[in-house]
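First the structure, in the form of structure tokens, and then the observations on it.
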Amino acid sequence: MPKGQPSSVPDDGLTTRQRRNRPLLAVHTGVGKGKSTAAFGLALRAWNQGWPIGVFQFVKSAKWKVGEERALRVLGASGQGGTVDWHKMGEGWSWIQRDGEMSSEEAAREGWAQVKRDLAAQTYRLYVLDEFAYPMHWGWVDVDEVVEVLRERPGVQHVVVTGRNAPGKLIDAADLVTEMSKVKHPMDTGQKGQRGIEW
């Protein structure tokens, strides 16, 4: 397997191993397809390493049954790799005991509050904050607070944030940023999403 070589090595006093194992903040943004899919690919790698994984789905409906959810839940329960906890905003978040319906904005803030608690407790080694760029873009969650919390997170916790319109401050703070651009998409010619491709 080829090993990537950095184009420069900073004079930061860290050993190669220390620098290699620093926790990363990754952002998958842009208008192209594949942002969440790439994040779930990282989750598969993390599962294989035995890492505990927390998936927090912002925005997308709890009614959507995405294939990655089922696959990662089965893998997480198999005892052969890491554990997987999957939280969906549309379910009201599994840790919230409330009567009545929350607005999407309230639910997004509650989800972020739980992510902060889990980061402080170092609950997971990999966090997938799926579609979390949207609540920041819409002003539901404070971007400055998100950046500060993610910068100051303890231990070795990797975080990947997905969604269009990722705020510039988040992009600046991230270690890894990928922008998915669209060249062509079947929807451009009137074709709707299909099983095995979109879900």
Side-chain angles (χ1 to χ4, degrees), residues 1-2 4 7 24-48 53-76 84-93 101-112 115 126-144 146-147 150 158-199:
M1 178 190 226
S7 56
L24 297 178
L25 169 57
V27 175
H28 298 172
T29 193
V31 299
K33 177 175 166 46
K35 297 176 288 293
S36 297
T37 303
F40 296 138
L42 286 177
L44 286 173
R45 290 179 175 176
W47 172 83
N48 186 60
I53 301 158
V55 177
F56 297 81
Q57 277 196 298
F58 293 81
V59 180
K60 287 181 178 171
S61 170
K63 294 177 183 175
W64 294 2
K65 301 300 181 194
V66 297
E68 295 96 341
E69 177 185 356
R70 180 169 181 235
L72 282 165
R73 283 186 187 271
V74 168
L75 289 171
V84 179
D85 292 331
W86 197 288
H87 311 285
K88 292 193 225 182
M89 186 172 86
E91 291 177 338
W93 300 114
E101 292 290 319
M102 282 188 294
S103 70
S104 295
E105 185 173 349
E106 266 186 305
R109 283 198 299 268
E110 289 282 1
W112 169 238
V115 171
L126 176 69
Y127 295 73
V128 177
L129 308 187
D130 188 38
E131 308 289 7
F132 188 49
Y134 289 102
M136 286 184 277
H137 177 70
W138 294 330
W140 295 355
V141 176
D142 183 69
V143 177
D144 291 329
V146 170
V147 168
L150 294 179
H158 301 280
V159 178
V160 57
V161 176
T162 74
R164 293 183 181 201
N165 302 310
K169 289 179 180 179
L170 179 70
I171 289 172
D172 291 344
D175 304 291
L176 172 64
V177 179
T178 298
E179 183 171 355
M180 307 288 188
S181 61
K182 184 186 81 164
V183 177
K184 289 174 113 178
H185 195 290
M187 289 181 76
D188 298 338
T189 58
Q191 181 174 339
K192 290 188 175 182
Q194 59 180 298
R195 292 177 185 273
I197 304 297
E198 269 75 33
W199 71 91

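Please read all numbers here as calculations on a predicted model, not as lab measurements.
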How close do [X] and [Y] get, heavy atom to heavy atom, and via which atoms?
| X | Y | result |
| --- | --- | --- |
| Ala43 | Ile53 | O-CD1, 3.3 Å |
| Ser36 | Glu131 | OG-OE2, 3.8 Å |
| Leu44 | Leu72 | CD2-CD2, 3.7 Å |

Supply the atom-to-atom distance [X] [atom1] to [Y] [atom2], rounded to the nearest 0.5 angstrom.
| X | Y | atom1 | atom2 | result |
| --- | --- | --- | --- | --- |
| Gln57 | Glu69 | CD | CD | 6.0 Å |
| Leu126 | Arg45 | CG | CZ | 11.5 Å |
| Tyr127 | Asp85 | OH | CG | 10.0 Å |

Residue from Val115, Leu129, Val161, Val141 passing side chain to side chain contact (heavy atoms under 4.5 Å, CB included) with Val146: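 The single option meeting the side chain to side chain contact (heavy atoms under 4.5 Å, CB included) with Val146 is Val141.
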Mind checking side-chain hydrogen bond (donor to acceptor under 3.5 Å, both in side chains) for [X] and listing every partner two or more places apart, or none if nothing turns up?
| X | answer |
| --- | --- |
| Asn48 | none |
| Glu179 | none |
| Lys182 | Asp188 |

In chain order, what residues pass the side-chain contact (heavy atoms from CB on, under 4.5 Å) check against [X], with sequence neighbours excluded?
| X | value |
| --- | --- |
| Arg164 | Val31, Lys35, Tyr134 |
| Ala71 | none |
| His137 | Asn165 |
| Met187 | His185 |

Set of residues satisfying ring-ring contact (aromatic ring centres under 6.0 Å, His included) with respect to Trp140, sequence neighbours excluded: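 So Trp140 forms a ring-ring contact (aromatic ring centres under 6.0 Å, His included) with Trp138.
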Non-neighbouring partners of Phe132 that pass ring-ring contact (aromatic ring centres under 6.0 Å, His included), sequence neighbours left out: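 Testing Phe132 for ring-ring contact (aromatic ring centres under 6.0 Å, His included), a comparison that skips the adjacent residues, returns Phe58, Trp112.
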Asp144: salt bridge (charged side-chain N to carboxylate O under 4.0 Å, His left out) partners, not counting sequence neighbours: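 Counting only residues at least two positions away or on another chain, Asp144 forms a salt bridge (charged side-chain N to carboxylate O under 4.0 Å, His left out) with Lys169.
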